[in-house]
Amino acid sequence: KSLLLECLRIHEAISGSDHSTLVIPLKNLADVYQSMGQYSTAEPHLQRSLKIGEAKLGKDHSSVASVLNSLGNLYAATGQFAKAKPLYLRSLQIDETNYGKDHPEVATALNNLAILHRKMGEYSKVEPLYLRSLRIREARFGKDHPDVAQSLGNLANWYRTVGQPVTAEAYARRSLKIYEAKLGTDHPLVASTLNLLADLYLTRGEHDKAAPLLERSLAIREAKLGVNHPDVARSLSNQAILLSDLGQYDQANLLLQRS
């Protein structure tokens, strides 16, 4: 964050407070604030970035689309879905016009829009967007790229939500295989996918399959993220659910207290 603030200060000193070179530094700084959960700090930076970008670069510039996407992410994360939707749609339209309908930027925009439709309960729109995003990424990056794994994971989550556990498991396993091969067996994204698979097994009452996945997911998260990270708390909660299902209530309560 401090480096981005210094970069922004230098740009402002050299070019002025409304130069086009500020668009991306402002967006990048806002993205960092978002990752820290500081949404109220991030929003004015994005609004300023958008205003400069539209004025200096034009309303259909690719950088404007990137800012719109980040602003949409902010509103989606804070439950302001009605504000997020037109920003995502406009970002998608700009990217399709500038890059073509099968560009990775378009795939990202489709993915974000699908997530928003899911949060809004517009379920009929979700699967086609996820599948189109997956097809673009497979065509551009190959079938074993981490971005493909992300799309597969999103689809696995989706199929779990709509009650298709067999399909969900197939997508989750393929996602896990890619992440392990490309990012290593102890990456946090591996832990997230293990947790997803375990949740599928818990839903089906297959506790013997869920248990080792939850243990491995927790170990990765504690090692990579620290014992106080929210993802560690989620892993502990899932393990508590497993133990509770097995009638081990005292141990389950201990894990819930830790979480």
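On a predicted model such as this, the values are computed, not experimentally measured, just so you know.
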**Student:** Show the numbers, then the answer: is there a ring pair (Phe, Tyr, Trp, His ring centres under 6.0 Å) between Y171 and W158?
**Tutor:** CA-CA 10 Å; Y171 277 95; W158 169 245; over 10 Å; no
**Student:** Decide side chain to side chain donor-acceptor pair (under 3.5 Å) for R118 and T161; before the verdict, give the C-alpha distance in whole Å, the side-chain angles of both, and the deciding distance to 0.1 Å.
**Tutor:** CA-CA 10 Å; R118 181 177 175 179; T161 299; 2.4 Å; yes
**Student:** Counting only N and O atoms by type, is there a donor-acceptor contact under 3.5 Å from the side chain of R140 to the main-chain atoms of D102?
**Tutor:** yes
**Student:** Main chain of P104, side chain of T108: is a donor-acceptor contact present, judged purely on distance under 3.5 Å?
**Tutor:** yes
**Student:** Are the side chains of H117 and K85 in contact, using a 4.5 Å heavy-atom criterion?
**Tutor:** yes
**Student:** Quick one: does any side-chain atom of T78 pair with a main-chain N or O of L74 as donor and acceptor, under 3.5 Å?
**Tutor:** yes
**Student:** Tell me, with the steps shown, if T97 and D60 meet side-chain contact (heavy atoms from CB on, under 4.5 Å).
**Tutor:** CA-CA 8 Å; T97 299; D60 296 325; over 6 Å; no
**Student:** With no hydrogens and no angle check, do the side chains of R221 and S192 hold a donor and an acceptor under 3.5 Å apart?
**Tutor:** yes
**Student:** For the backbone of V23 and the side chain of S49, can you confirm whether one donor and one acceptor N or O come within less than 3.5 Å of each other?
**Tutor:** yes
**Student:** Please check this pair: side chain of T203 against backbone of D199, looking for a donor-acceptor N/O pair closer than 3.5 Å.
**Tutor:** yes
**Student:** Hey, does I52 have a side-chain heavy atom less than 4.5 Å from the side chain of H19?
**Tutor:** no
**Student:** Side chains of E43 and Y33: is there a donor and an acceptor less than 3.5 Å apart?
**Tutor:** no
**Student:** Is the closest basic N to carboxylate O distance between R90 and E96 below 4.0 Å?
**Tutor:** no
**Student:** Of all heavy-atom pairs between G72 and A84, which one has the smallest distance, and what is that distance?
**Tutor:** O-CB, 3.5 Å
**Student:** Begin with the C-alpha distance, continue with both residues' side-chain angles, and end with the deciding distance and a verdict on side-chain contact (heavy atoms from CB on, under 4.5 Å) for L26 and L46.
**Tutor:** CA-CA 7 Å; L26 282 166; L46 287 171; over 6 Å; no
**Student:** What verdict does the side-chain contact (heavy atoms from CB on, under 4.5 Å) test give for I136 and L110, after you've listed the backbone C-alpha separation in whole Å, the side-chain angles of each residue and the deciding distance to 0.1 Å?
**Tutor:** CA-CA 10 Å; I136 292 171; L110 291 166; 3.8 Å; yes
**Student:** Taking the side chain as everything from C-beta on, heavy atoms only, tell me whether K27 gets closer than 4.5 Å to L71.
**Tutor:** no
**Student:** Is it the case that the side chains of N154 and N111 hold a donor-acceptor pair, with the cut-off being a distance below 3.5 Å and no angle test?
**Tutor:** yes
**Student:** For H187 and T185, indicate whether the former's side chain and the latter's backbone hold a donor-acceptor pair under 3.5 Å.
**Tutor:** no
**Student:** Got R174 and K143 here, is their nearest side-chain heavy-atom distance under 4.5 Å?
**Tutor:** yes
**Student:** Give a yes or no on whether the backbone of A233 and the side-chain of S237 come within a donor-acceptor separation of less than 3.5 Å.
**Tutor:** yes
**Student:** Specify the closest pair of heavy atoms between G184 and V190, including all atoms of both residues, with the distance to one decimal.
**Tutor:** O-CG2, 3.3 Å
**Student:** Under 3.5 Å, is there a donor-acceptor pair between the side chain of N238 and the main chain of L214?
**Tutor:** no
**Student:** Quick check: are there more than 12 heavy atoms from other residues, nucleotides or ligands sitting under 6.0 Å from CD of Q93?
**Tutor:** no
**Student:** Do other residues, nucleotides or ligands put more than 12 heavy atoms under 6.0 Å from D208 CG?
**Tutor:** yes
**Student:** In terms of heavy-atom contacts, does NZ of K59 have more than 12 from other residues, nucleotides or ligands at under 6.0 Å?
**Tutor:** no
**Student:** So I94 and S62, do their side chains get closer than 4.5 Å, heavy atoms only?
**Tutor:** no
**Student:** Side chains of D31 and S70: do they bring a donor and an acceptor to under 3.5 Å?
**Tutor:** yes
**Student:** Taking C-beta and beyond as the side chain, do Y130 and L134 meet within less than 4.5 Å on heavy atoms?
**Tutor:** no
**Student:** Looking only at side chains, do E169 and Y159 share a donor and an acceptor under 3.5 Å apart?
**Tutor:** no
**Student:** Is a donor on one side and an acceptor on the other found under 3.5 Å between the side chain of S91 and the backbone of Y88?
**Tutor:** no
**Student:** Any salt bridge linking E127 with R132? Criterion: basic side-chain nitrogen under 4.0 Å from a carboxylate oxygen.
**Tutor:** no
**Student:** Looking at R137 and E105, is there a salt bridge between them, counting it only when a charged N and a carboxylate O are closer than 4.0 Å?
**Tutor:** no
**Student:** Testing the basics here: between S133 and A107, what is the closest heavy-atom pair and its distance to 0.1 Å?
**Tutor:** OG-O, 2.9 Å
**Student:** side-chain contact (heavy atoms from CB on, under 4.5 Å), that's the test. Do D95 and H103 meet it? Break it down for me.
**Tutor:** CA-CA 8 Å; D95 283 339; H103 192 274; over 6 Å; no
